[in-house]
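These notes concern the structure reproduced below.
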Amino acid sequence: AVAAGALDRAAALLEEASATCVAVDDRLGLAQSLRGLGDVCYWRGERSQAAVLYREAHELFQVVGKAGDVAQSLWSLGYVELERGELDGARELFSQQRALCRKVRDRLGEANADNALGELARRSGKLDLAEQHYRAALRIATKSGLSRRWIFLLNLAHARLARGEAAGA
């Protein structure tokens, strides 16, 4: 109930922010608000509505946002596709995100994209490929000093456990 109340409050604030952004023609602020509303829908389990909001935000970010905003929207859309079982669509979105992040040298975004591709491969039963992506994410995070290394190690362990390699996990 607490989480639901927090989501409701977040949605109300984001809707208010969206209306204000429309009134003052702040397209970047509107895109950020739409992405936030998409996040609320995602966490509520409303994947279709999340996809609509993420796509609207993505279209705006392509016009007024920075590369990091565009990459983040690709990642968000990719996870919606992954959760809906649209694996080819998710793979394409995560691959686009990774390419964009490499281009602009966004190491965290690149590592997150490899991690997402690893998750996709793991869910598809392609454990060798999953490990390759998790290792790539870990390598990037380690070289860049990113604190998020733990999640990539955890996911690498999940892949090993799925293979029945508890000793190496």
Side-chain angles (χ1 to χ4, degrees), residues 1-124 133-134 137 140-141 144-152 154-155:
V2 171
L7 288 174
D8 290 344
R9 181 72 178 129
L13 291 171
L14 287 161
E15 288 169 3
E16 182 182 320
S18 294
T20 300
C21 290
V22 168
V24 299
D25 194 31
D26 177 2
R27 293 186 295 165
L28 179 58
L30 178 59
Q32 292 167 338
S33 297
L34 291 170
R35 180 174 58 202
L37 284 166
D39 289 344
V40 169
C41 289
Y42 183 89
W43 289 110
R44 284 179 172 162
E46 300 166 0
R47 303 299 196 253
S48 294
Q49 184 60 27
V52 168
L53 291 162
Y54 287 150
R55 196 157 307 287
E56 286 181 48
H58 180 69
E59 290 171 7
L60 283 168
F61 281 135
Q62 287 181 305
V63 176
V64 299
K66 296 178 183 172
D69 294 323
V70 174
Q72 176 66 40
S73 63
L74 290 167
W75 184 82
S76 297
L77 284 164
Y79 265 99
V80 169
E81 292 299 293
L82 180 62
E83 294 298 325
R84 293 184 349 186
E86 300 292 335
L87 304 185
D88 291 337
R91 185 177 302 103
E92 178 61 28
L93 290 161
F94 294 142
S95 295
Q96 287 177 30
Q97 177 207 1
R98 183 177 58 184
L100 178 57
C101 288
R102 280 182 180 163
K103 180 180 176 183
V104 300
R105 295 192 166 118
D106 173 0
R107 297 301 176 232
L108 178 58
E110 184 181 352
N112 284 337
D114 263 312
N115 186 65
L117 287 163
E119 179 67 11
L120 175 65
R122 187 174 63 83
R123 289 187 188 190
S124 301
H133 284 297
Y134 294 143
I140 293 164
S144 303
L146 301 173
S147 62
R148 201 176 145 103
R149 292 186 302 262
W150 67 271
I151 191 72
F152 309 135
L154 181 63
N155 286 338

Could you tell me whether the side chain of [Y] reaches within less than 4.5 Å of the side chain of [X], counting heavy atoms only?
X: Arg84; Y: Ser48; result: yes
X: Val40; Y: Gln49; result: no
X: Glu81; Y: Phe94; result: no
X: Gln72; Y: Phe61; result: no

If you measure from [atom1] on [X] to [atom2] on [Y], what distance do you get to the nearest 0.5 Å?
X: Leu77; Y: Glu92; atom1: CG; atom2: CD; answer: 12.0 Å
X: Ser124; Y: Leu82; atom1: OG; atom2: CG; answer: 8.0 Å
X: Leu120; Y: Leu93; atom1: CG; atom2: CG; answer: 10.5 Å
X: Ser76; Y: Leu53; atom1: OG; atom2: CG; answer: 11.0 Å
X: Leu117; Y: Asn112; atom1: CG; atom2: CG; answer: 11.0 Å
X: Asn155; Y: Asn115; atom1: CG; atom2: CG; answer: 4.5 Å

How close do [X] and [Y] get, counting heavy atoms only, and between which atoms?
X: Ala57; Y: Leu34; answer: CB-CB, 4.0 Å
X: Arg107; Y: Ile140; answer: O-CG2, 3.5 Å
X: Ala90; Y: Gly78; answer: CB-O, 3.4 Å
X: Cys101; Y: Ala71; answer: SG-CB, 3.6 Å
X: Gln97; Y: Ala113; answer: OE1-CB, 3.3 Å

Other residues, nucleotides, ligands: >12 heavy atoms within 6.0 Å of Glu16 CD: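 Counting other residues, nucleotides and ligands, CD of Glu16 stays at 12 neighbours or fewer.
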Backbone N/O of Glu119 and side chain of Tyr134: donor-acceptor pair under 3.5 Å: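 Present.
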Salt bridge (Lys or Arg N to Asp or Glu O under 4.0 Å) partner of Glu110, chosen from Arg105, Arg148, Arg102: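 Exactly one option meets the salt bridge (Lys or Arg N to Asp or Glu O under 4.0 Å) with Glu110, and it is Arg102.
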For Gln32, side-chain hydrogen bond (donor to acceptor under 3.5 Å, both in side chains) partners two or more places apart: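 Partners of Gln32 by the side-chain hydrogen bond (donor to acceptor under 3.5 Å, both in side chains) criterion come out as none, since no residue qualifies.
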Partners passing side-chain hydrogen bond (donor to acceptor under 3.5 Å, both in side chains) against Asp25 (at least two apart in sequence or in another chain):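 Partners of Asp25 under the side-chain hydrogen bond (donor to acceptor under 3.5 Å, both in side chains) test: none.
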Any pair counted as side-chain hydrogen bond (donor to acceptor under 3.5 Å, both in side chains), so long as it reaches residues 51-60, sequence neighbours left out: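 side-chain hydrogen bond (donor to acceptor under 3.5 Å, both in side chains) check on residues 51-60 returns Asp39-Tyr54, His58-Gln62, His58-Ser73.
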Salt-bridge criterion met for Asp69 and Lys66 (N-O under 4.0 Å):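 Looking at Lys66 together with Asp69, the answer is no, because their closest N to O distance does not fall below 4.0 Å.
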